[in-house]
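For reference, positions follow the sequence shown, starting with 1.
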Amino acid sequence: MEIEGNPLGNSIDAWRHCIRGENQFFKDPDDFRHMLKNYSIANNRSFKYMKNDQQKIIAVCIHENCKWRVYASLYKSDKLFSIRKCNLEHTCGDATLRTRGHPKADATWIAQIMKRKLRTQPAYTPCGMLEDIRDDYGLELQYYTAWRGKEKAMRDIHGDETTCYDKLRRYCRALKMHNPGSMAEYEIEPATQKFIRIFISFGSSISGFHRCRPMICLDGTHIKNKYKGCLLSAVCKDPNDSLYTLAYAVVDAENDKNWEWFCIKLKQILDLHNDNRSFTIFSDRHSGLLKAVPMVFPSSHHAYCLRHLVDNFRTQVLRKYPLHNKSYWASVLHNAAYAPTRQEFDATISRIVQSMPLAASFISNSDPNHWANAYFSGERWGIVNNNQAENWNGWVKDARSLPVPSMIDHIRIKIMEMLVKRQGKSLAMTGILCKKILKRLTINHMASRSLKYCRSSSTAFEVYDEDKSYKVDLQQKTCSCKAWQLEKLPCKHACACLESKGYSVYEFVDPCFHIDTYKQ
């Protein structure tokens, strides 16, 4: 006895013959109904139910005089559903449907055929579904039908979104039980029991962060499920310059209160694992972060994302000067941010202010101490943008369309898979430096071959690069170009001096870039 299943790949050609005749068995009445819909869509016919329940289904052609008829019922002995009697020949002539739609291509049918894809691509949009249905099945359906179909499929996969928040308390308890050292905090309104926010950080992520650079990138991104909200994240870079997740949270909105709460929770997990380093915290200039970071991390260095700053410069300053070349002046601001000395920074900013006097207040209010290399007092490892956080937002893009419990677990699985994959790669690594860091150092080393230098002491050099000269101190690990101090990696000027002394450039690279650190 063979039980029918849906044809592999939902092929329209296979559907034309998916209802074959008497003694054809199906998993259950719902499976039979879906197969019957597929059959009618593929053959461009329609039907109506004379009887339709869990015990017996009788379907007939929509044309009264047509003899097409299918009778299926449940076998009481083995609980299998099968076709008992049928006449699959239409006697209504050429009475196919004269439309590009189909009455049986409803939300339930869409949910059934799209469910498999929505499991792996929750961000799959109704518009995308309509395009694929048109291409694969030749049907043109309404947007609302596709939207309802997606809603039903997501509900079947993840449960009712209105009640799924009840699972979070159990999820947090299980997470802390099976992942020692993790933090999973869930908050609700006591009076209404309404969900407010949840914070997640895994013990393995926290302990691994000790081997990463003491930098944290903070950002928020919108959630795209039915009830919206915001996903906050704290990420950084591992020794191989790759994305590393430290913590994330789901909140009702990105506001001052939630950012303060998130930073407090973040500080708690760092204190819990005795991580007392001085951190550099990267973020945009959201008001909540401008208040929370100095309050919760008073000894840290707060770095503003240069890309967001330039965007603000375009909207707040350049828009008021329509005749100015916006791309050019945005690049000038970039140059000011990268300038290694205060003299160069001030000279570049003077050019901007002379051309656009309104820029003076913008520069002053943005506080260059938080974004200009010449004035920033902390360590930035050559990073000026909050790209890591933006990359993380893209990395979890599909998860952001899921209900909150499924979203949190989807991100957990992605983090787990990433850590396992990198652990496997690290075991195959040999040498001293991680691959991405070695590539950057090799570029610097090759560029140093054409440089001239002279020695002023056993560890001090003057290096000539085109029409400029730079002072290098090997003992202090500094170069007047500031690249060595900023990136913690010998610049091309330092490489030239190290090679002249016969030193290994690897010995002058910060240990946070070493393979041994990555493996730990």
At their closest point, which heavy atom of Q54 faces which heavy atom of P29, and how far apart are they? O-CG, 3.4 Å
Let's go through T245 and I411 carefully: what are the C-alpha distance in whole Å and the side-chain angles of both, what is the deciding distance for side chain to side chain contact (heavy atoms under 4.5 Å, CB included) to 0.1 Å, and is it a yes or a no? CA-CA 10 Å; T245 306; I411 296 173; 5.6 Å; no
Here the gap from F313 atom CZ to H334 atom NE2, rounded to the nearest 0.5 Å, amounts to 11.5 Å
Tell me if the aromatic rings of W15 and Y137 count as close, with their centers under 6.0 Å from one another. yes
Between D219 and N386, a side-chain donor and acceptor under 3.5 Å: no
Sidechain N-carboxylate O distance under 4.0 Å for D13, R16: yes
Got F202 and M416 here, is their nearest side-chain heavy-atom distance under 4.5 Å? no
Give a yes or no on whether Q423 atom CD has more than 12 heavy-atom contacts from other residues, nucleotides or ligands under 6.0 Å away. no
Heavy-atom nearest pair, T280 first then F282, reads CG2-CE1, 3.6 Å
Please check if the side chain of K48 supplies one atom and the backbone of H63 the other of a donor-acceptor pair under 3.5 Å. no
Kindly check if the number of other-residue, nucleotide or ligand heavy atoms within 6.0 Å of NZ (K115) is above 12? yes
List the atom of D53, the atom of Q55, and the distance in Å for their closest heavy-atom pair. OD1-N, 2.8 Å
Between atom CG of L36 and atom CD1 of I41, what is the distance when rounded to the nearest 0.5 Å? 10.0 Å
What verdict does the side chain to side chain contact (heavy atoms under 4.5 Å, CB included) test give for S366 and Y304, after you've listed the backbone C-alpha separation in whole Å, the side-chain angles of each residue and the deciding distance to 0.1 Å? CA-CA 9 Å; S366 65; Y304 299 158; 5.6 Å; no
Any chance you could lay out the side-chain hydrogen bond (donor to acceptor under 3.5 Å, both in side chains) test for S283 and H302, step after step, and finish with the verdict? CA-CA 8 Å; S283 75; H302 193 182; 2.7 Å; yes
Take atom CD in E189; do more than 12 heavy atoms of anything else shown fall under 6.0 Å from it? yes
Within the 4.5 Å heavy-atom criterion, are I264 and Q268 side-chain neighbours or not? yes
Hey, does the side chain of N179 reach the backbone of G203 with a donor-acceptor pair shorter than 3.5 angstrom? no
Geometric class of the F32/F26 ring pair [parallel <30°, tilted 30-60°, perpendicular >60°]: perpendicular
Taking every non-hydrogen atom, the tightest pair across S204 and L419: OG-CD1, 4.0 Å
salt_bridge(R119, D156) N-O dist < 4.0 Å: no
Got a second to check how far I223's CD1 is from C230's SG, nearest 0.5 Å? 6.5 Å
For a 4.5 angstrom cut-off between non-hydrogen side-chain atoms, does L141 reach I110? yes
Determine the minimum heavy-atom distance between I515 and C434, stating which atoms define it. CG1-N, 3.7 Å
Could you check whether any side-chain N or O of Y244 sits under 3.5 Å from a backbone N or O of S205, counting only pairs where one atom can act as donor and the other as acceptor? yes
Check: R285 and L309 side chains under 4.5 Å, non-hydrogen atoms: yes
Please report the C-alpha distance between F262 and F199 in whole Å, then the side-chain angles of each, then the deciding distance to 0.1 Å, and finally whether the ring pair (Phe, Tyr, Trp, His ring centres under 6.0 Å) criterion is met. CA-CA 7 Å; F262 183 80; F199 179 93; 5.4 Å; yes
With a cut-off of under 6.0 Å to the ring centre and 45° to the axis, is K104 in cation-pi contact with F47? yes
For the atom pair CD (E89) and NZ (K67), what is the distance rounded to the nearest 0.5 Å? 12.0 Å
Using 0.5 Å steps for rounding, measure from the SG atom of C217 to the CD1 atom of I383. 6.0 Å
Donor-acceptor pair between R400 and N393 side chains, under 3.5 angstrom: no
Applying side chain to side chain contact (heavy atoms under 4.5 Å, CB included), run through F81 and K27 and close with a yes or a no. CA-CA 7 Å; F81 204 81; K27 297 176 185 178; over 6 Å; no
Please test C263 against L218 for side chain to side chain contact (heavy atoms under 4.5 Å, CB included), starting from the C-alpha separation and ending with a verdict. CA-CA 9 Å; C263 287; L218 303 178; 4.1 Å; yes
Heavy-atom count around N65 CG within 6.0 Å, excluding the residue itself: above 12? no
Is the shortest side-chain heavy-atom distance between L270 and F297 below 4.5 Å? yes
Give a yes or no on whether H222 atom NE2 has more than 12 heavy-atom contacts from other residues, nucleotides or ligands under 6.0 Å away. no
Are E22 and K85 packed together at the side-chain level, in the sense that at least one heavy-atom pair is separated by less than 4.5 angstrom? yes
Within the side chain of D284, is there an N or O that forms a donor-acceptor pair under 3.5 Å with the backbone of H286? yes
For R69 and A59, indicate whether the former's side chain and the latter's backbone hold a donor-acceptor pair under 3.5 Å. no
Inter-residue atom distance R197.CZ - E185.CD, 0.5 Å rounding: 11.0 Å
Identify the two heavy atoms, one from L318 and one from K326, that lie closest to each other, and give their separation to 0.1 Å. CD1-O, 3.6 Å
Decide yes or no for V235 and Y248: does some side-chain heavy atom of the first lie under 4.5 Å from some side-chain heavy atom of the second? no
Heavy-atom distance under 4.5 Å between the side chains of L130 and E140, does that happen here? no
Using atom types as modelled and distance alone, determine if a side-chain donor or acceptor of E254 lies under 3.5 Å from a backbone N or O of L232. no
Out of K436, Q388, K237, which residue meets the side-chain hydrogen bond (donor to acceptor under 3.5 Å, both in side chains) rule with S242? K436
